[in-house]
Amino acid sequence: MMEALEAIMTRKSVREFGYQPMPEDTLKKLLAAGMQAPSGRKGMPWHFVVVSDRGALSRVKEFHPHAAMAADASVGILVCADTTNKKSKEYFAQDCAAATENILLAAHALGMGGVWTGVYPNEQRMESFRKMLDIPAHIAPVSFAVIGFSKKKEIAEPRYDGERVHNEKW
Ligand SMILES: Cc1cc2nc3c(=O)[nH]c(=O)nc-3n(C[C@H](O)[C@H](O)[C@H](O)COP(=O)(O)O)c2cc1C
């Protein structure tokens, strides 16, 4: 397994998958990584809807064209927030974003690939996921992490930019 900094620096969005089913132990590790994320006031507002059904994964593109790659993925993990969680009121989107990135990094470290597809705050995508997956109204779908086996080896370009760094003051 990759060490943390290597995983961060070499991760890249993967959008072309050769279908293989998701190994059960890998899925558990991805979900555990998601739940290990930091969250405001330790509110942990997240819930994860795991979609492995290939028919369902193919239908996502009907309402989210930028998630069409899900059709060949092993799994889609819809990272959702419970909006009734009082601790997480203002922070649920950031909390779920942190969980999503943890999932993507864990997938990469374990030899799989994935891509974050945006859901919140797009009402139409949120409502379509709610309908498709029987999600109650107080649950906000925040992101759909699409994970699978990459068709090709992707190389991440370095993005460090010293001009974005301000020492002590702007
Ligand atoms: C909030 C958010 C929403 C995104 N939505 C999509 C999406 O709907 N479809 C997609 O293919 N990629 C999506 N991406 C992935 C970005 O396009 C990608 O991270 C960016 O181009 C940088 O490339 P990299 O991930 O390979 O470093 C999203 C990323 C974020 C953080």
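Any value given below was found using the heavy atoms of this structure, including those in side chains, with hydrogens, waters and symmetry copies removed. Whatever order the structure lists ligands and atoms in, that order sets their numbers, starting from 1. Quick caveat, the model's predicted, so the values are computed rather than measured.
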For atom 20 (C) of ligand 1, decide whether some protein heavy-atom distance is shorter than 4.0 Å. no
Parallel, tilted or perpendicular: which describes the rings of W170 and H166, with under 30° parallel and over 60° perpendicular? parallel
Could you find the nearest protein heavy atom to [atom] and give me its residue, atom name and distance?
atom                    : answer
atom 14 (N) of ligand 1 : W116 O, 2.9 Å
atom 26 (O) of ligand 1 : S13 N, 2.7 Å
atom 9 (N) of ligand 1  : H66 O, 2.9 Å

Quick one: [atom1] on [X] to [atom2] on [Y], what's the gap to the nearest 0.5 Å?
X    : Y    : atom1 : atom2 : value
E101 : R11  : CD    : CZ    : 5.5 Å
M126 : F144 : CE    : CZ    : 15.0 Å
K87  : R41  : NZ    : CZ    : 9.0 Å

hydrophobic_cluster_shared for F129 and I139, side chain cutoff 4.5 Å: yes
Treating Ile, Leu, Val, Met, Phe, Trp and Tyr as nodes and any side-chain heavy-atom pair under 4.5 angstrom as an edge, say whether I103 and V60 lie in one connected cluster. no
For ligand 1, is there an N or O atom under 3.5 Å from any N or O atom of K12? no
Any nitrogen or oxygen of R11 lying under 3.5 Å from a nitrogen or oxygen in ligand 1? Just yes or no. yes
Just to be sure I'm reading this right: ignoring hydrogens, which of E157, R159, R15, M69 gets closest to atom 23 (O) of ligand 1? Compare them by their nearest heavy atoms. R159
What atoms in ligand 1 come closer than 4.0 Å to a heavy atom of [X]?
X    : value
V115 : 10 (C), 11 (O), 12 (N)
G118 : 3 (C), 4 (C), 5 (N), 6 (C), 7 (C), 8 (O)
H64  : 8 (O)

Apply the test side chain to side chain contact (heavy atoms under 4.5 Å, CB included) to residues L78 and I135: give CA-CA distance (whole Å), side-chain angles for both, the deciding distance (0.1 Å), then the verdict. CA-CA 11 Å; L78 188 68; I135 297 169; 3.4 Å; yes
